[in-house]
Structures are given as structure tokens and as C-alpha cells.
Amino acid sequence: MCGIVGYIGTQAATEILLAGLEKLEYRGYDSAGIATVLEGDIHCVRAKGKLYNLREKLQREVNPATIGIGHTRWATHGKPEEYNAHPHTDTAKRIAVVQNGIIENYRELREELKAKGHEFRSDTDTEVIPHLIAELMAQQAQQAAATAQPFPFLEAVRQAVTKTGTDTELIPQLIAELIGQQVHNSASTPQQFPFLEAVRQAVTKAGTDTELIPQLMAEVMAQQIQNSAVTSQHSPFLEVVRQAVNKLEGAFAIAVICADYPDELIVARQQAPLTIGFGQGEFFCASDTPALVPHTRAVLTLENGELARMTPIGVEVYNFAGDRLKKSPRTLSWNPVQVEKQGFKHFMLKEIYEQPGVVRACLEAYLNADWNADSDRSPIKLNLPASLYENLEHVQILACGTSWHAGLVGKYLLEQLAGIPTIVQYASEFRYAPAPLTANTLTIGVTQSGETADTLAALAMESQRRASQPPQFQTRLLGITNRPESTLGTMVPQIIETHAGIEIGVAATKTFVAQLMAFYCLALDLAYRRQTVSAIRLEQILIGLRQLPAQIELILESQERYIEHLTHDFAETKDFIFLGRGINFPIALEGALKLKEISYIHAEGYPAGEMKHGPIALLDAKVPVVAIAMPGTVYEKVLSNAQEAKARDSRLIGVTPMNDPEAAETFDDLLPVPAVEELLSPILTVIPLQLLAYHIAALRGLDVDQPRNLAKSVTVE
Ligand code: AGP
């Protein structure tokens, strides 16, 4: 929810900030804004609606400012109007702030600050932050004034005349001496002028080549920073932001600039993502790395309770107590090409087409290549500690949305292959009504982004609830995520990384398939260890898994044009029903969710056998039914459930095995997939449903990658 960016360096900030926001627009897109420090003032431009509205406004101006912050919003507090768009400023418009998250105690702070004369101009929770910083800055200035000696001459006269036994004619001499001392004391630290000092040291170094001077200066400055600062006190701006974040409650990431400190950009993180990018003489920050990769791959992700001071010469990291921390950037493996559409009309379509590669990457990462039925080790290499599996009796899976659907497939696999009773809960429900404690339980958090607030909170709550219990009830946490560097990654000790590469489209596609792959591997690993499946059967399943990438390719090649054509028949359709049974019931749910979120058509997913218990009343010629009917335990059952729908005049669309005469007879339209065994079929049956949703939305001219009211990662409750 919401994307924030920041820049400090030597280039004009505006275009860099806009380009960064474009990469983060998937996080929120109902308004946007940027603020820079221009000629001693905060210059803030904001616009309602998508980013191009802001870009259009900014085109009318030339802004050479080299420091700035930006924001793209997903409204939580206050309507998506320009006056609620970030950045927000204090009453005097000297401080500008962007925030991602929610400030839970904003009401109390707002009242306090209003009582002190601060003027609020928005309905947002964020606006308390610039006012709070301004208030603390005023207090800081007052304290400084009280302790400083602002009139050194007067002070010297005061000391001279109050010295006992002083002869009148000695007074001028005494004053001169005292002034001399004052000057001496104040000027004795060259560190007061660190830039001058760095230049001095660089140019006086014997035999220095002119072009080495900037490098030498940078080294001296880096040294200066390391030597000088161990607390946040040395930067008054950093210090007040530090005091401010200590007064905030909630989950937030912020970036702050101040007209009076034109060389400092302060960022802070508490339960919302924030990463700093290190360039050559320039530094960037963003809620997510796609905004950074066009500039640098050296990044540092702040941890909760950390803040950083970014200047044109470096970055200092502190904890909220004000202690300086030693941190080094890491190198990202992504390249900028991965975050481009590469000729596809939308990211979603590109990501659908990336799925064969994703499945291959997962197979490569998790399967022991040389395993066969005679091997004496697991066919799977997840590198999870044995303690996670020891005496395992239960699994509970916590997730939201599409990840929850992946969890349902996971439950089927864990129960049917490894024989472990498994429950799957919406994280948002589990938080307030957790299942009773069970012993020897593995809790799995599934979240592609690793930032979904409900999933993280549910996992945290579960750990806390089990902490005081006897050993067999202690938490065993496992995360399944596409973003091991996310908050989830720092929260859980074990991760299965899903290797899907960055997903930009708000509708999850390739990350879903990668989550399914993670569950196949986990279930197979457990089945091997618990000996619930024979080695021969394991070998069969592995052979099947290895064929999946080519089979997905075949669906994409043979189906896309046909599905695109078919969607013309649904231009006016208002409702869809998706049916599935067994392991394909979650795929029916996922097909319905995909269609809802990007085409805004009402769609419901049902277990096919449930139709006659109520929903069948919805059916008529205007309500198409999509049924997933793959050979296996429930094939005939699904076909007869589909017939019941046909008898109510519904148009029947079947996701069926290729070249199946029975299916051809039953359905009006076929979306055929290779005839794989039921257990593996979800990885294939979901593909035509993704294409169907995509093409219906694209035909309707909708914003497929950024559907209304949604955001890629839901970092609020
Ligand atoms: C999927 O298409 C949706 N955009 C949404 O349901 C999503 O799966 C859900 O918000 C969970 O996200 P996560 O996997 O990042 O936790």
C-alpha cells in the first residue's frame, strides 16, 4: 500500500522520483506527489489520480533541485483527493513527509498539535508527522537558545566586569583575552567544516593526481562520518525525526526533507518496507527495489526500528534510540530488464508467459537432479532443518487472497501425500479467532510479497501465543515467499523462496504457480521422510513435475489466440461461476478471483458438488459456468455437476484434458490442457483461467496491471 521514493545527489531529482514512482505505482495509484528543496523552500506538487496526472503538472516547470521525496497513494485515511495526497507539510511548509503505512495514534497527536497552533490541511494520518517534527524542531531551537551564548561580546564584557578586583583600565585587555579564548575554543575543531577539511586533506596529500582528488575526498569524508558520529545528536534534523518516530504508533515507513537542511534526507522504518540504494555520489530510497534497480544494485534494507540520514556524501544508519549502527549494502541479483514489459501489452500477460520458466527454476532449485527410487535420501532439497519436521502432527497455513488459494492446494497435498492433518486459515480471521493450540505443529505463512500485514500479524500472534507453552507446543515457523528480503524474511527462521522473479501486475499469476511448486516439494519431502508414499510413486510424481514447463508452454501456444477470441462473447456478461472439486476446487476459487479483480465482473468459485445446495438458483442463459474437469477421482462427478448447469441454460466452458471426447460432448467451449494426473493438474488448469480473466479485462479496456481499489502488497490491516 503506497509507494515512497527519495533522492539526494547531484542530478535533478524530479525525473528520478517520477521514474521511481512509476515502478511503484502497483502499490497504489489514486494520487501522487513529490516535494523538493528548491531555493531554500519546500516545493511540493501533487495530483489526484494516476501518476500521469502528476507528470503532466510537472512538465510545466523546470526544477533543478537535487533532493526530493515522492509518493504514490492507496487511500486509507481520507478520500483520494489532491489535498490528501502526499507529501504533507507542516504549517510553515518547511518540512515535507511521505509515508507508507498507518499512524495508529494520529488522532491524539493531531489534537495535541492543533492545540499548539498547528494548522492541518488534510484528513490523513500522515499529516501529523510534519507538524510533530516542526514542533520538536521548535523545542530544540528553544533549548539551544537557552544554553548557547548568542552574544559573545556581551558575555566577554560580563565576565570581565564581574571579575573581582579588576582595575578599570585593565577591562579592555581582559575583554580582548576572553574574546580570543572564545574564538580559539570555537575554532579548534576542524570537523565543524567537514567538507572544507576533506578538501584540505585531499589536496595536501603529496603527489596527488588531480583526478584522484574527488575519490580521496570521498574516502576522507567516509572516515569522518565513521569517526565523528556515534549518536544521532550530531544532526539536529535527524535528532528531531528520531524523537518524532518514537512518538508514532503503528506500521510505517517515512521519508522526510526540510528546507532548512537542504543536504539531508531522513528515512525511518517500522513494520513497512524501506530500502536505500547506493549510487556514485547519490543515494536513493524506495518502498521496493524495482524503483532502485535502474540506478544501482547496491542496496540496504532498513530493519524495523531503524532510521537513516542520507546526505550527498553517504548514509548513516541509527536505531530509534539514536545509536549509530554499522551496516553494509548487499548486491541485488535482478537486472532492470526484469521490471520492463518487454513487448507485452501488460505485465500480467508477460508474467503469465514467464510461468514455464518459473516452474523450471523451482524444479532446479528444489529437486535433487540425480535422485531415483533406489536413492537413500530425499528427492527434494529444501535445506530445512530436521527439527522443523520432528514428530510433526499438524500443519496450519496462514495467508490471504491468492496465497490462501495456494494454501488450499497445499493442504490437499500435505494431507493426501504426507498424511498430515492441515488447516488453512485466512490470516485476517486467524488473528482474532485462532484455532485451539495443537502440539508439534508447523505454522506456514504464505505471502508472495512477504509484506501482507494480516499474514505477518497472524504469524507474530501465533509465535507469541506459543512462547509460554511447554516444548511440544513451541512455534515452528516456515515462510513461503517470493521476497526473502521482505519483512517475512526477517520474521521467520525458515523460508522456501519461490523463485518467480519480481511480479508487477497486481493480479498474482506466476507467484501463485511458484507457491504451488513450493507446496509440491514440501509435501513430497515430508512424504519421503514419513514414508507415506512409495519410492516408485515418488518417482512417478517427479517425472510428472518435470514435464510441466513444456506442458504450460503448449497451453500458452495453443490456447491464447482462441481464448482472446472467445472473450468477445462475454463483453456484456455480468456474472460467472467457476466450479472445481478436490485439488481443483482452489483453482476454481483462483479463477473467480482473477476475473473479479481485473475485469470487475462478479464471479464465484464453488466446489462443484455444492451447486445444488443453493447457488444453482443463480444460473440461467446469462451466467456462464467454467468447470474444471480433469481425469481422476472426481472427473465423472464434475461432468455430471456441469450437466446440471447446462440443464439451466448456462453456457458451459470446460477446462478439460486435450482430445477428450466425453468433455467435447458435455461443454459448449473447451479450454483444453495436457492430460496429466489429477494431483499435478492445478499447475496447468490455472493457466487458461488466467488467460480468460486477462483477455476479458483487456477487451473491456481496463487497467489490467493496476485494477481499481487494489494494491500489490496490502500492508494495512
Ligand atoms: C492476488 O491476485 C491478489 N492481488 C491478492 O489476493 C493477494 O494474493 C493477497 O493480497 C496476498 O498477497 P501476498 O501473497 O503478497 O501476501
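Numbers for residues simply follow the sequence, beginning at 1. Order of listing sets the numbers, starting from 1, for every ligand and every atom in it.
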Quiz item: Do you know which of His346, Lys594, Glu564 makes side chain to side chain contact (heavy atoms under 4.5 Å, CB included) with Tyr694?
Solution: His346

Practice problem: Tell me which protein heavy atom sits closest to atom 12 (O) of ligand 1, plus the residue, atom name and distance to 0.1 Å. | Solution: Thr452 OG1, 3.5 Å

Practice problem: Please state whether Thr455 comes within less than 4.0 angstrom of ligand 1, counting heavy atoms only. | Solution: no

Quiz item: Between Gln515 and ligand 1, does any nitrogen or oxygen pair lie at a separation below 3.5 Å?
Solution: no

Quiz prompt | Under-4.0 Å salt bridge between Arg581 and Glu678 | solution = no

Quiz item: What about Ala508: any of its N or O atoms under 3.5 Å from an N or O on ligand 1?
Solution: yes

Quiz item: Going by the atom numbers of ligand 1, which of them fall below 4.0 Å from some non-hydrogen atom of Val506?
Solution: 2 (O), 4 (N)

Quiz prompt | Asp125 side chain near Gln99 side chain, heavy-atom distance below 4.5 Å | solution = yes

Quiz item: Do Phe576 and Phe570 have ring centres separated by under 6.0 Å?
Solution: yes

Exercise. Using a strict 4.0 Å cut-off to heavy atoms of Ala507, name the atoms of ligand 1 that fall inside it.
Key: 2 (O)

Self-check item: Heavy-atom nearest neighbour of atom 11 (C) of ligand 1 within options Ala427, Gly401, Cys400
Solution: Cys400

Practice problem: Keeping to residues at least two apart or across chains, list the salt bridge (Lys or Arg N to Asp or Glu O under 4.0 Å) pairs with something in residues 396-416. | Solution: Lys411-Glu415

Practice problem: Heavy-atom contacts with Ser403 under 4.0 Å: which atoms of ligand 1 show up? List them by number with element. | Solution: 8 (O), 13 (P), 14 (O)

Quiz item: Can you name the side-chain contact (heavy atoms from CB on, under 4.5 Å) partners of Glu81, sequence neighbours left out?
Solution: Lys48, Lys79, Tyr83

Quiz item: Backbone, side chain, both or neither: what part of Glu451 comes under 4.0 angstrom of ligand 1, heavy atoms only?
Solution: neither

Self-check item: Contact atoms of ligand 1, heavy-atom distance to Lys594 under 4.0 Å
Solution: 1 (C), 2 (O)

